[in-house]
*Asks:* 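First the structure, then my questions, so here it is.
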Amino acid sequence: MLSWLERNGGKTYGNFIGGKWEAGEGGTVPIFHAARRGQVLGYFPDSTEADVNRAVEAAHAAFRTWSATPAPDRAAILMKFADLLERDQEELAYRLSAEQGKTLSESRGEVLRAARETRFAAGEALRMAGDTLPGERARVETRTMRQPIGVVAAIAPWNFPVVTPVRKISPALAYGCTVVFKPATATPWATVKLMELYAEAGVPAGVVNLVIGSGSKIGDALVGHPLVAGISFTGSTAQGLRIQRMAAARLARTQLELGGKNPAIVLDYGDLAHAARQIVSAAFTCSGQRCTAISRVIVLRDKAEALKQELLAEMAKIKVGPAWDPEATMGPLINQAQLDTVLEYIRIGREEGARLLMGGEVLRDGEYAEGCYVTPALFDRVTPDMRIAREEIFGPVLCVLEAEDAESALRMANDSEYGLAAAVFTDRLADAVDFAERLQSGMVHINHGTASAVHAPFGGVKLSGYGPYSIGRSNLEFYTEMKVMYVQY
Ligand code: NAP
């Protein structure tokens, strides 16, 4: 990986608009290696509103032909794209790990997942079915059909720089929409490669466009553009609310995937070692920088001590290191700002009276000095009113709260402004069903962590999301609109 980066780093990249690479109008900014702070991975556009406008116009111009392209042809192109992701898995993983920091095995898995989600989306192109309804009058047929909405603005954060763009672009293309994609400022490198692969797979010019630049500079131009019919946004709740307000002003539709404070509730469950394995994996994958990361463990008081021992044993197995270390199971945080946030929450947790049982130390020796490494942290003696129990930290910090009984555990779990994912560990079927029904979250996992499937709807309630869920069949509701047709014959 390192020699590949030496050979391939440091180039200048542009925006991909109307099938051509072009320099942005605002010059370029360097993007650095997450685990080698001094190494420039590339120079990327600092785009302007004019760049956004050109990209939206290109997507608008391409929509007519692309939406009329037969669904099997669109699906075939996406199937080819999925094959290309697998062919170039290693290069994509290198770029992803370098800019984001996650371990190579996580990055490889992310690329394969993007291929699998694309194949599911490709199949959906052929399922844009409507209903044929009995006529109300003689010789009048009535039917419904689904049509693509038009140009979609897709905006992603920096934690999954391959699968998040693909999760938006592939379904959009499957349903016949065209796209302008804006990656996070910190992670544009893998996305550039994705554009090359979509083009190589046969996606025509203008159907997918990439504009790289700062959200604070170009976000409003993209979200507010009158030719943008829908906005698929993944990121913080604060930005999501802002985008929702802007979109509502002109009735543009939105699909918002936002923050979370996801609980794992441990009730009467015999295999606490299994629960701990699932919780630790869900909490610390991607160094906890995951919307569905478990960040609160709510455990029955009489099980708490035993569970904490299992959690500590499981966390002790985590090896923090750079992506190219084959033994590393957790990479650095993406940048200094993220590390500062995590350390601030660890300080707050202590100040609030929680006990730091393990971790939370910054690693600075040797090659650790080149990245933002912190060891996975576990707090106990956490109470529901503490900020570390309420606010999204988006880092490797796990809090243990104790509950008297199942009912108070449920109350604690629901006592959050977020509602993305939740896990429940129980041997009692009645509790499993009861919690699945009463937990206020978009996704509930019984006896396993918060990993999601490539074909199941993905989304949240409360301040964790808005609009149709992504990934599964629910995407149809976002990328297409209904038309009702009456035919007299
Ligand atoms: P963020 O600050 O909201 O940024 C997300 C994206 O929005 C970035 O591309 C950002 O661009 C862009 N943006 C910033 N200002 C904008 C504006 N005025 N208009 C339009 N776009 C704008 O979030 P983040 O810190 O990158 O990501 C972490 C957050 O994402 C966490 O809250 C996490 O829970 C959430 N997340 C949710 C899911 C989910 O599926 N629910 C998945 C992953 C992450 P810049 O990078 O240029 O600022």
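Remember, it's 1-based here, ligands and their atoms both numbered in the order they're listed.
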*Asks:* With the threshold set at 4.0 Å, does a side-chain nitrogen-carboxylate oxygen contact exist between E344 and R387?
*Replies:*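 Not counted as a salt bridge, because no side-chain N and carboxylate O are separated by less than 4.0 Å.
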*Asks:* Which donor-acceptor pairs under 3.5 Å do side chains of residues 371-378 form with protein atoms, sequence neighbours excluded?
*Replies:*
| from | atom 1 | to | atom 2 | distance (Å) |
| --- | --- | --- | --- | --- |
| T375 | OG1 | G360 | N | 3.1 |
| T375 | OG1 | E361 | N | 3.0 |

*Asks:* Mind jotting down which protein residues get a heavy-atom contact under 4.0 Å with ligand 1? Chain and number order, please.
*Replies:*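 If the criterion is a heavy atom under 4.0 Å, then ligand 1 touches I155, A156, P157, W158, N159, K182, P183, A184, T185, G213, S214, G215, S216, G219, D220, F233, T234, G235, S236, Q239, R242, I243, E257, L258, G259, C291, E392, F394, L420, F458.
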*Asks:* With distance as the sole test, does E392 use its side chain to make a donor-acceptor pair with the main-chain N or O of G260 at under 3.5 Å?
*Replies:* yes
*Asks:* Looking at R127 and E124, does any basic side-chain N land under 4.0 Å from a carboxylate oxygen?
*Replies:* yes
*Asks:* What pairs meet the side chain to side chain donor-acceptor pair (under 3.5 Å) rule with one or both residues in residues 165-181, with sequence neighbours excluded?
*Replies:*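 For residues 165-181, and leaving out neighbouring residues, the side chain to side chain donor-acceptor pair (under 3.5 Å) pairs sorted by first residue read E117-R167, T118-S170, K168-S232, K168-T234, S170-Y198.
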*Asks:* Just distance, no hydrogens or angles: give the donor-acceptor pairs under 3.5 Å from side chains in residues 180-192, sequence neighbours left out.
*Replies:*
| from | atom 1 | to | atom 2 | distance (Å) |
| --- | --- | --- | --- | --- |
| K182 | NZ | G213 | O | 2.9 |
| W189 | NE1 | Y13 | OH | 2.9 |

